[in-house]
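Quick notes on the structure that follows.
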Amino acid sequence: MAQEEDQSLSEVLARVGASHGINDLAHKLHFYDSWAPDYDQDVATLQYRAPRLAVDCLTQALPGPPHATLILDVACGTGLVAAELQARGFLQLHGVDGSPAMLEQARARGLYQQLSLCILGQEPLPSPEGGLVCLTTRTNPSNLRYKKELEATLDRLEQAREWERLLAWPVDRWELATSKLEVVPGTSDSDGFISGIVYLYRKQEVAQVEGVKPSD
């Protein structure tokens, strides 16, 4: 059994590690489409903690009852964040993703009131008036260029007074690293986990705003 588990982990590490090296948008989306049926199982193998961490962030930031808050889940994937949100009392959930197959998996959960196919960074990002916008990304070495581009876009939205940043919360133990090169001393756990960050914004106006393509 242990040998089978080690083999499964090795296969997942190789598959996810390969995805981290894809920079072309069309190729990235194609990868996520093909990965969608196995995504939940694979990220569970990696001890993926981002959904719980994102909802921890939301619950700490919100003064009012969760059921009254509208959440836009950016790069919602298969809906893992929605499952965590509903378990904690968040009931008004919208999601966007660039992968049709990922959205199909998310729709099957029946937790979102609205799901939209959005090639983020290529077209306006749907966002509810007065709602909260939640984004997450990795902060391991292979994702730092994307993180820099993401934060530049978020800064532009703030400067335009379209989004208001509530917090940006760095966290350790995001998920297992796919290689030793991905573990950064001082920012990642000694057990081989990479770090990540949760961004939380409030949408200020009805008008649609420019989006970005998040990375898981």
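Worth saying up front: this structure is predicted, and the values here are computed from it rather than measured.
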Determine, step by step, whether Arg88 and Asp56 satisfy the salt bridge (Lys or Arg N to Asp or Glu O under 4.0 Å) criterion, reporting the C-alpha distance in whole Å, the side-chain angles of both residues, the deciding distance to 0.1 Å, and the verdict. CA-CA 10 Å; Arg88 305 232 208 144; Asp56 285 346; 2.7 Å; yes

Using 30° and 60° as the class boundaries, would you call the ring planes of Trp174 and Tyr48 parallel, tilted or perpendicular?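 If you compare the ring of Trp174 with that of Tyr48, the planes turn out perpendicular.
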
Evaluate the ring planes of Trp35 and Phe31, with Trp represented by its six-membered ring, and classify them as parallel (under 30°), tilted (30 to 60°) or perpendicular (over 60°).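 Ring orientation, 0 to 90° scale: tilted.
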
Any side chain to side chain donor-acceptor pair (under 3.5 Å) pairs touching residues 60-69, not counting sequence neighbours?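 Checked against side chain to side chain donor-acceptor pair (under 3.5 Å) - neighbours excluded - no pair reaches residues 60-69.
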
Of all residues at least two apart in sequence or in a different chain, which pass the side chain to side chain contact (heavy atoms under 4.5 Å, CB included) check with [X]?
X: Leu46; value: Leu9, Val12, Leu13, Val16, Glu175, Leu176
X: Ala61; value: Leu167, Leu200
X: Ala83; value: Arg109, Leu111
X: Glu104; value: none

Do Asp172 and Ser195 have a side chain donor and acceptor closer than 3.5 Å?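 Not at all, the side chains of Asp172 and Ser195 share no donor-acceptor pair under 3.5 Å.
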
Does the Lys NZ or Arg CZ of Arg173 fall within the cation-pi geometry relative to Phe193 - under 6.0 Å from the ring centre and within 45° of the axis?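 So Arg173 does make the cation-pi contact.
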
Of Leu93, Leu103, Val81, Val96, which meets side-chain contact (heavy atoms from CB on, under 4.5 Å) against Cys76?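 For Cys76, the side-chain contact (heavy atoms from CB on, under 4.5 Å) test succeeds with only one of Leu93, Leu103, Val81, Val96, which is Leu103.
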
Taking only residues two or more places apart in sequence or in another chain, which ones pass ring pair (Phe, Tyr, Trp, His ring centres under 6.0 Å) with Phe90?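 Residues passing ring pair (Phe, Tyr, Trp, His ring centres under 6.0 Å) with Phe90: none at all.
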
